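Accompanying notes for the structure given below.
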Protein chains: 2
Amino acid sequence: MTDWKAATFNVNGIRARLPVLLEWLDAQRPHLVCLQEIKCQDKDFPESAFSEAGYRAVWKGQKSFNGVAVLSTEPPDQVVSEAGDEILDSEARFLAVKTRGVWVINTYVPQGRSPDDPAFAYKLDFLKRTARWIASHFTPEDPVLWTGDINVAPDPLDVFDPQRLDGKVGFHPEERKLFQEILSWGLTDLFRHLHPEEKQFTFWDYRLPRSVQRNLGWRLDHMLVTRPLVRAARDCFVDTAPRTRPKPSDHTPLVAVFHLEDLAG
Amino acid sequence: MTDWKAATFNVNGIRARLPVLLEWLDAQRPHLVCLQEIKCQDKDFPESAFSEAGYRAVWKGQKSFNGVAVLSTEPPDQVVSEAGDEILDSEARFLAVKTRGVWVINTYVPQGRSPDDPAFAYKLDFLKRTARWIASHFTPEDPVLWTGDINVAPDPLDVFDPQRLDGKVGFHPEERKLFQEILSWGLTDLFRHLHPEEKQFTFWDYRLPRSVQRNLGWRLDHMLVTRPLVRAARDCFVDTAPRTRPKPSDHTPLVAVFHLEDLAG
DNA sequence: GCAGGTTACG
DNA sequence: CGTAACCTGC
């Protein structure tokens, strides 16, 4: 009844993904969706398509790449589109909103290119600075949800071939260690918490032939939540349907359901 | 019963036009179709889509632009893919086939850019050389069909605003005069012959807003036939349906029906 | 306005 | 593989 359904979805181009996204919104009817890689300038964001579907939208775009947005059935109570951090604000990768007493931080973490590329250092820095931003604004007892395409598969269970992929960007020891350090502040990887053994990916590379059919995927999209939201969580699951539609994104949505009454108690 | 239905269609990209083209083939079931602006290299021609639809295909493509093809329910008896003329063969614009005793010359005549551009001289040359090729191989008593996107609107009836367009490429006095000289050898503009008063276009520019709804078109695609085929002709009409479909070409097909028994007589 | 080709990015 | 961008051509 008062359950609150939140989701994250790297759409890889919001204009190209409108059919898939609208169909999925209609099927799942989440209260809030964090989108990444909208890949459009602010003026090109298809706001009316979402208002017609019953969603308010806030977005932060740029030309060609990156870009994040939050769709919600209720307008957010607060929006932070500039973190006040030169790295977090250097590209359109960070957007936070407050709604229903919950702070939602939506990030599109840099992919990192390769471990010896400056982009990898930038990625680690981006992760640290997002964690620092959260720690400087909240405590682990505040209801905080850091979600989005985090671009880190934290565990061998989270990639299709941990031997072969060990050391590759997205499954590099340095990223995995940092991911755990970030959690240690007081965040929980909600999907893994609720499904300790489940091998479930959120991303399948376009470039690997038949990657979906062969399940050659990665779990890169996450819901990292503070303790109040762990207690309130009812469910967390990956919806693979959008990845099987015509003209899919290379990612598919991750969904969580919270019973927000449990926050007060 | 032994009627033979032939058509010409500038598809403006055969890969982009496959849905529209296949739907139209299914509706009209022509025995032969001349295509122009297939805009693909030979290796990229979607042959199997046509064989599955019951059509044999011969084609002559190049990278990016131009490109012509002939689809037919029966394999052609002869194919001429090189005219042996440096202008006619300089780009993929000329393809002739013999079938049912009829020689069909399919051309994508250069558009000409503007009257002061070298492309305009090239266009006039291409027209003259095609006419010369025909005259050197046939007599006006042979059954010959020169069809395709001829890129000339021969008469004020053939453009949406003859005053405003006078002198523009496609409706320039020099092209119109040449067109008539070419006919004088022994060719008949079959559509105009059968419909002397009809204002019916085959092309509507994408760049003019709502050009189709406002009928701001040109008659640029033709069936130029020798006397035996004039006598055999039963019908010649423009099918505007494909221009009203989603993702249309800027041209629409021109169709002719011939009673080939009449050739013998 | 729409096609195709190219490049950047992942 | 696939998105967006920029380019050419009609």
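Reminder, nothing fancy here: chain letters follow the sequence lines and each chain counts from 1. Everything numeric in this text was worked out from a predicted model, so none of it was measured.
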Output yes when [X] and [Y] qualify as a salt bridge under the 4.0 Å nitrogen-oxygen rule, no when they do not.
| X | Y | answer |
| --- | --- | --- |
| A/Lys60 | A/Glu82 | yes |
| A/Arg243 | A/Asp250 | no |
| A/Asp155 | A/Arg219 | no |

In whole angstroms, how far is the [atom2] atom of [N] from the [atom1] atom of [X]?
| X | N | atom1 | atom2 | result |
| --- | --- | --- | --- | --- |
| B/Gln41 | C/dG5 | CD | P | 7 Å |
| A/Asn12 | C/dG10 | CG | P | 11 Å |
| A/Asp149 | C/dG10 | CG | P | 12 Å |
| A/Asp250 | C/dC9 | CG | P | 17 Å |
| B/Asn10 | C/dA3 | CG | P | 13 Å |
| B/Gln62 | C/dA3 | CD | C1' | 14 Å |
| B/Gln36 | C/dG4 | CD | C1' | 18 Å |
| A/Lys39 | C/dG10 | NZ | C1' | 7 Å |

Selection from [options] that lies nearest to any side-chain heavy atom of [X]:
| X | options | value |
| --- | --- | --- |
| B/Arg207 | C/dG1, C/dG4, C/dC2 | C/dG1 |
| A/Phe65 | C/dC9, C/dG5, C/dA3 | C/dC9 |
| B/Ser64 | C/dG5, C/dA3, C/dG10 | C/dG5 |

| query | Mind checking whether B/Trp218 and B/Phe201 have ring centres under 6.0 Å apart? | reply |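 Not close enough - the centres of the two rings lie 6.0 Å or further apart.
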| Is the distance between the ring centroids of A/Trp133 and A/Phe94 under 6.0 Å? |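 That pair passes the under 6.0 Å test.
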So do [Y] and [X] actually touch side chain to side chain, heavy atoms under 4.5 Å?
| X | Y | answer |
| --- | --- | --- |
| A/Glu86 | A/Arg129 | yes |
| A/Ile105 | A/Thr130 | yes |
| B/Phe191 | B/Met223 | no |

| Regarding A/Asn12 and A/Ser249, is there a side-chain donor-to-acceptor distance under 3.5 Å anywhere? |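 Checked: A/Asn12/A/Ser249 side chains show no N/O donor-acceptor pair below 3.5 Å.
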| said: With nearest nucleotide decided by heavy atoms, which residue, B/Lys63 or B/Arg17, maps closer to the 5′ end of DNA chain C? | reply: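 Whichever sits nearer the 5' end wins; that is B/Arg17.
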| field | Per-nucleotide pairing state of DNA chain D [Watson-Crick or G-U, under 3.5 Å; [ ] pseudoknot-crossing; | other strand] | value | ||||||||||
| Would A/Asn10 and A/Glu37 satisfy side chain to side chain donor-acceptor pair (under 3.5 Å), going step by step from the backbone distance to the final call? | CA-CA 6 Å; A/Asn10 178 323; A/Glu37 284 204 88; 3.0 Å; yes
| task | Would you mind telling me which residue lines up with the more 5' stretch of DNA chain D, A/Asp205 or A/Gly13, judged by nearest nucleotide? | result |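 Whichever sits nearer the 5' end wins; that is A/Asp205.
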| message | When you measure from the side-chain N and O atoms of B/Lys247 to the phosphate of C/dA3, is any distance below 4.0 Å, counting only OP1 and OP2? | response |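 Yes, because at least one side-chain N or O of B/Lys247 sits under 4.0 Å from OP1 or OP2 of C/dA3.
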| message | With a 4.0 Å cutoff (strictly under), does any side-chain N or O of A/Arg113 reach OP1 or OP2 of C/dG10? | response |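 Checking A/Arg113 against C/dG10: at least one side-chain N or O falls below 4.0 Å of OP1 or OP2.
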| request: Tell me, please, the opening and closing nucleotides of DNA chain D, 5' to 3', among those with an atom under 4.0 angstrom from a non-hydrogen atom of chain B. | output: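 Nucleotide range in contact with chain B: D/dG9 to D/dC10.
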